[in-house]
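Worksheet: the structure to be examined is printed underneath.
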Amino acid sequence: MRKLYLLLSVFTLMFGLSSCTVNWFDEKIEVPWWMIAIPTAIFVILVWFIAGKYFSKQIYVCPKCNKEFHPDWKKAALSLHVNSDRMFKCPHCGKTSMCYLSYKNK
């Protein structure tokens, strides 16, 4: 639920604050909101996708059963995290916990 509120506030700020006036060689040009909002949205989606793909290739270890696994890229991109630890549901034991990054990745 917290991520939904964050997403809604980002889109509200992106569309609400994106209209501006640009001074170009002493000429004022009004830039419409969509010329700023669309590239920003594309950039955010691209970074989210790349981060998800990167973190899904990492090996995480469940602290409950000590088994290693690769998370799905969507779950890796949307998971809560603190430093390198991420909140996942273990595919082996089914417990949801802060799984830590395996040192085999390095």
Side-chain angles (χ1 to χ4, degrees):
M1 199 66 165
R2 188 181 294 173
K3 288 196 180 200
L4 178 65
Y5 290 133
L6 180 64
L7 186 67
L8 286 175
S9 63
V10 165
F11 278 115
T12 302
L13 288 172
M14 187 170 61
F15 292 120
L17 301 175
S18 60
S19 171
C20 67
T21 303
V22 177
N23 292 324
W24 184 261
F25 295 107
D26 295 330
E27 181 181 341
K28 289 187 176 185
I29 301 170
E30 185 68 29
V31 178
W33 65 270
W34 57 269
M35 288 185 77
I36 298 170
I38 290 175
T40 304
I42 291 171
F43 177 74
V44 166
I45 290 169
L46 186 66
V47 167
W48 174 72
F49 181 76
I50 291 171
K53 286 294 188 182
Y54 172 76
F55 287 119
S56 69
K57 292 179 182 176
Q58 304 297 317
I59 299 172
Y60 288 91
V61 179
C62 175
K64 306 288 185 192
C65 65
N66 290 326
K67 298 219 177 165
E68 298 176 345
F69 64 94
H70 290 278
D72 182 41
W73 76 270
K74 238 194 265 188
K75 291 179 183 176
L78 294 174
S79 66
L80 296 173
H81 61 279
V82 175
N83 298 332
S84 62
D85 298 348
R86 292 187 169 269
M87 181 78 74
F88 290 121
K89 182 176 182 180
C90 179
H92 304 288
C93 65
K95 301 288 184 185
T96 301
S97 59
M98 291 297 282
C99 300
Y100 56 90
L101 191 60
S102 174
Y103 289 110
K104 291 182 182 178
N105 293 328
K106 310 235 183 235

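Along the sequence shown, residues are numbered consecutively beginning with 1. Keep in mind it's a predicted model, so treat the numbers as computed, not measured.
Residue I50 holds its CD1 atom at 12.0 Å from CD1 of I45, rounded to the nearest 0.5 Å. We find the OG1-CE distance between T40 and M35 to be 11.5 Å, quoted to the nearest 0.5 Å. Atom NZ of K75 sits about 14.0 Å away from atom CZ of R86, to the nearest 0.5 Å. One finds the SG atom of C99 at 13.5 Å from the NZ atom of K67 (value rounded to the nearest 0.5 Å).
Ring planes of Y60 and F69: tilted class, angle from 30 to 60°.
Of all heavy-atom pairs between G52 and A76, the closest is O-CB, 4.0 Å. Contact detail for C65 and C93: the closest heavy-atom pair is SG-SG, 3.8 Å. Taking all atoms of both residues into account, the shortest heavy-atom contact from P71 to Q58 is CD-O, 3.8 Å. Among all heavy-atom pairs drawn from V61 and S102, the shortest one is CG2-CB, 3.8 Å. When all heavy atoms of M98 and D85 are compared, the pair lying nearest together is CE-O, 3.7 Å.
The environment of Y100 atom OH is dense: over 12 non-hydrogen atoms of other residues, nucleotides or ligands sit within 6.0 angstrom. Within 6.0 Å of the CG atom in N83, the count of heavy atoms belonging to other residues, nucleotides or ligands does not exceed 12.
Formation of a donor-acceptor pair under 3.5 Å by the H81 side chain with backbone atoms of M87 is not found in this model.
Taking a 4.5 Å side-chain heavy-atom cut-off between Ile, Leu, Val, Met, Phe, Trp and Tyr, the cluster of F49 extends to W48, W73, L78.
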